[in-house]
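Please read the structure below before turning to the comments.
Order of the sequence lines fixes the chain letters, A, B, ..., with proteins taken first and strands second; residue numbering starts at 1 for each chain.
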Amino acid sequence: MLALRQWWNGFMLVLAWLCAGLAAATLAIIVFYVIQRGAPALNGHFFLSVPTPVGVPGGGVANALIGSVEIIVMASLIAIPIGVMAGIYLALLGKGRLADAVRFFSDVLTGVPSIAIGIFAYTVVVVPQKHFSANSAGVALAVIMLPIIVRTTEEAVRLVNPAIREGALALGIESWKAILLVTVPCARAGIVTGALLGVARVAGESAPLLFTAFGNPVWSTNPNSPIAALPLIVFQYANSPYAEWQQIAWGGALALIVLVFVLNITARVLFPAKGYR
Amino acid sequence: MSLSASATTPVTARRRPQLTGLGDPIILGSFTLAAWLVLLLVAALFITLVIAAWPAIKTVGLTSLQSATWDPNSNKFGVLSFIYGTIVTSAIALVLAGPIGIGAALLLAEVAPKRLATPVALLIELLAAVPSVVFGIWGLYVLAPVMRTVVEPALQRWLGFLPLFQGMYYGIGMLTAGVLLAIMVLPTVTAISRDIFEAVPRDQREAMLALGSTKWEMLTRAVIPYARSGIIGALVLALGRALGEAMAVTMVIGNKPAIALSLFAPGYTMASVLANEFTEATGQQYVAMLIGIGSMLFILSMILNVFARLLVLSVAGARGARR
């Protein structure tokens with residue numbers, strides 16, 4: 001009887017090892033294929049040229065790169081200030097129902113499908129403007145970023161020893177100065193991490209861009225007109241029947257995965273409290 | 001833990017001109033305002049989506065839930081096939097990712113030495129960061145051919161007596177979409193279950209081991225029962241993610257508005273119809289109908305998320321719920 005129990009124990013633990021191995025191996029397999037198929041596409045043309053019609057060689061995604069950067073910067077300009085302030089509120093000022101509700105619903109907001117947020121931005125920005133635009137995409141991505149920044153900032157600020165702020169307060173400094181000049185600088189790394197994680201989360205987002213940024217085959221930086229974005233190009237070109245375009249899509253996928261991994265790993269290194277224990 | 005704002009103002013008011021006293025109400029007030037903005041945003045999402053979908057609710061409303069005929073050209077807007085596709089693909093995802101994710105979480109939290117658990121957890125969390133369009137292109141060009149040439153023929157051969165595995169297989173279809181979704185939600189299940197397991201008190205384990213149990217008996221009889229509602233929460237969160245995934249699914253599911261019993265058949269989901277048809281939709285009713293599907297998706301995911309977060313909070317406290 002004892003032997004059976006121990007045999008079963010060993011068997012199930014091996015199974016658990018296999019589960020974890022499978023999960024990690026899946027990532028390795030995906031990364032392997034993306035590198036294998038995407039690396040040949042990454043050349044000078046890829047980064048410096050705009051898309052060419054099918055059959056014309058030398059096309060690239062320069063317009064999508066600038067478009068992605070523009071949209072992400074817009075989203076960051078909206079989401080980071082609001083998110084950091086709300087995070088500071090939660091960590092230092094918030095008590096009671098408002099704080100609990102903000103915490104709870106910002107967590108819930110991270111679970112809202114990004115495509116639904118895209119429809120929201122479509123309804124509140126694109127419809128009144130009557131055309132697709134880069135700024136509507138910025139709004140959509142800002143909504144997606146916001147909860148990540150709020151919660152990471154809160155965690156970071158909460159980790160700062162309250163005694164140093166109380167020390168500052170005891171010296172007669174105003175409360176807002178104690179927060180902004182004493183506590184927040186101590187939480188700098190964590191706050192930057194929140195911003196990086198927020199950017200990493202939206203950099204690869206394509207669903208909300210479909211009906212906000214829309215995509216644009218030519219070079220454009222006008223915030224009021226449709227704009228290209230890297231995830232959109234990957235989606236459009238991957239679904240196209242042309243080998244050259246599919247090649248560019250793989251290149252775009254590789255660029256996205258590298259960007260997102262670099263941002264994530266930098267964030268973890270800067271602020272180890274978030275993530276791997 | 002914090003001193004209130006008003007407690008410090010008199011001190012400064014004595015030494016400085018009155019104007020500086022305004023710093024606290026302005027700055028601290030703006031922090032509070034930002035917190036309110038987060039709540040207002042959630043409310044705005046809800047209200048906007050419901051209002052935008054109202055024309056569809058008014059004209060087609062519940063009748064669209066009774067029909068599977070989706071033919072916008074002749075004003076037929078039956079959404080049943082999207083709901084069916086969403087349920088089937090999410091169910092496949094949970095059936096696959098649930099046990100594997102929980103198994104991996106058990107290993108990382110309870111069995112593996114820390115220096116091994118940390119890098120494996122890093123890999124699994126990086127899997128969560130992979131953009132969905134990258135999963136999509138990988139699913140379309142790598143996973144789908146493998147499904148067509150290896151997995152689906154094998155399933156048909158061994159389990160072909162079940163209606164689920166009958167009929168033609170193309171590699172593109174609900175099963176492939178479900179498998180891809182399983183990979184995408186696996187990190188969610190693993191990360192949250194791991195937090196839940198780590199929140200189980202040590203006494204719970206030690207008591208069980210002291211009774212002479214093996215490690216596995218300890219896990220199944222002392223740890224998992226304690227963590228049960230949190231694990232259900234993790235699975236519900238994963239379900240919410242699977243329901244709302246649009247891009248990767250639309251690239252591998254075949255985008256066919258039909259209800260087929262076979263998992264090999266192409267299908268459509270609520271999220272993928274939005275990704276695929278929204279920008280091409282012409283006519284007010286078509287657009288309103290799609291927005292209606294979007295609102296349904298939003299409300300469904302809100303309900304699931306609220307429910308799941310409450311479950312996770314009940315076990316792991318604030319730590320488990322932050323993801």
Side-chain angles (χ1 to χ4, degrees), chain A residues 5-6 9 12-13 15-17 19-20 22-24 26-27 30 33-34 82 85-86 88-89 92-94 98 101-102 105-109 111-113 115-116 119-120 123-124 143 150-151 162 169 172 174-176 200 204 206-207 210-211 231 234-235 238 249 253 256-257 260-261 264 276, chain B residues 1-3 5 8 11-12 23-24 27-28 30-32 34-35 37-39 42 45 48 52 100 103-104 106-107 111 118 120-124 126-127 129 131 133-134 137-138 140 142 183 186 190 214-216 240 244 246-247 271 274-275 278-279 291 294 297-298 301 305-306 309 321-322:
Chain A
R5 281 175 56 218
Q6 285 176 333
N9 176 51
M12 292 312 281
L13 292 183
L15 221 55
W17 276 102
C19 289
L22 189 66
T26 310
L27 176 76
I30 292 174
Y33 276 103
V34 172
I82 299 176
M85 290 200 296
I88 294 173
Y89 170 84
L92 300 178
L93 307 172
L98 174 62
V102 171
F105 280 102
S106 61
D107 283 347
V108 168
L109 195 54
V112 171
I115 197 151
I119 292 181
F120 168 73
T123 315
V124 299
V143 175
V150 171
R151 298 294 268 147
L169 289 171
E174 283 160 290
S175 195
W176 69 273
S206 43
L210 285 170
F211 11 96
V234 173
F235 178 64
L256 280 179
I257 230 174
V260 167
F261 282 8
N264 262 283
Y276 316 106
Chain B
M1 92 185 210
S2 67
L3 295 174
T8 59
V11 182
T12 47
D24 268 0
I27 307 277
L28 303 186
S30 61
F31 291 165
T32 315
L37 274 178
V38 176
L39 283 189
V42 176
L45 270 165
T48 310
I100 297 176
L106 272 178
L107 181 97
V111 184
T118 309
V120 173
L122 173 75
L123 290 179
I124 293 176
L126 282 181
L127 189 61
V133 73
V134 176
I137 191 173
W138 180 81
L140 181 59
V142 181
I183 298 173
L186 187 59
T190 308
T214 62
K215 187 144 203 171
W216 182 252
M247 304 306 276
L274 291 176
F278 197 86
T279 43
I291 293 180
L297 205 55
F298 172 74
S301 73
N305 263 278
V306 167
R309 303 269 169 201
R322 67 151 195 261

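At least one side-chain heavy atom of V111(B) sits less than 4.5 Å from a side-chain heavy atom of W17(A). Taking 4.5 Å as the limit, every side-chain heavy atom of V234(A) sits out of range of all side-chain heavy atoms of V134(B). Here the side chains of L297(B) and V112(A) are not in contact, with every heavy-atom distance at 4.5 Å or above. Between L27(A) and L126(B) the shortest side-chain heavy-atom distance falls below 4.5 Å. For the pair L210(A)/L274(B), no side-chain contact is recorded, criterion being any heavy-atom separation below 4.5 Å from C-beta on. For the pair E174(A)/I27(B), no side-chain contact is recorded, criterion being any heavy-atom separation below 4.5 Å from C-beta on. Looking at heavy atoms from C-beta onward, V38(B) lies in side-chain contact with V150(A) at the 4.5 angstrom threshold.
For the atom pair CG of L109(A) and CG of L45(B), the computed distance is 6.0 Å after rounding to the nearest 0.5 Å. With values rounded to the nearest 0.5 angstrom, F120(A) atom CZ is found 12.5 Å from I291(B) atom CD1. To the nearest 0.5 Å, the span separating NZ on K215(B) from CG on N9(A) amounts to 9.0 Å. Atom CG of L39(B) sits about 7.5 Å away from atom CZ of F105(A), to the nearest 0.5 Å. Note that OG of S30(B) is 12.5 Å distant from OH of Y89(A), once rounded to the nearest 0.5 Å.
Contact of V42(B) with chain A is made through the side chain alone, with heavy-atom distances under 4.5 Å. Contacts between V102(A) and chain B at a heavy-atom distance below 4.5 Å involve backbone atoms as well as side-chain atoms. For V34(A), the part lying near chain B is the side chain, with the backbone staying farther off; criterion is any non-hydrogen pair under 4.5 Å.
Ranked by heavy-atom pairs shorter than 4.5 Å toward chain B, the options G94(A), A116(A), S106(A) are led by A116(A). Top candidate by heavy-atom pairs under 4.5 Å with chain A, chosen from V142(B), I183(B), L106(B), is V142(B). Note: T32(B) leads L37(B), T32(B), L140(B) in heavy-atom pairs under 4.5 Å with chain A. Most heavy-atom pairs under 4.5 Å with chain B: of the set I30(A), I82(A), L13(A), this distinction falls to I30(A). Interface check for chain B: of the options A249(A), A253(A), A238(A), G204(A), the most heavy-atom pairs under 4.5 Å are formed by A238(A). Between chain A and the residues G240(B), A52(B), A275(B), G294(B), the most heavy-atom pairs under 4.5 angstrom are made by A275(B).
Dense packing is recorded around CZ of F31(B), with more than 12 heavy atoms of other residues, nucleotides or ligands lying under 6.0 Å away.
Among all heavy-atom pairs drawn from A246(B) and I115(A), the shortest one is CB-CD1, 3.4 Å. When all heavy atoms of A34(B) and A86(A) are compared, the closest pair comes out as CB-N, 3.6 Å. Closest of all the heavy-atom pairs between T214(B) and Q6(A) is CG2-CG, 4.1 Å. Across all non-hydrogen atoms, the minimal contact from L256(A) to P131(B) is CB-CG, 4.2 Å. Of all heavy-atom pairs between A24(A) and I124(B), the closest is N-CG1, 4.3 Å. What you find for G103(B) and C19(A) is that their closest heavy atoms are C-CB, 3.9 Å.
Applying the side chain to side chain contact (heavy atoms under 4.5 Å, CB included) test to L186(B) and every residue at least two apart in sequence or in another chain returns A23(A), A97(B), I100(B), T190(B). The ring pair (Phe, Tyr, Trp, His ring centres under 6.0 Å) check on F211(A) picks up F278(B), with sequence neighbours excluded.
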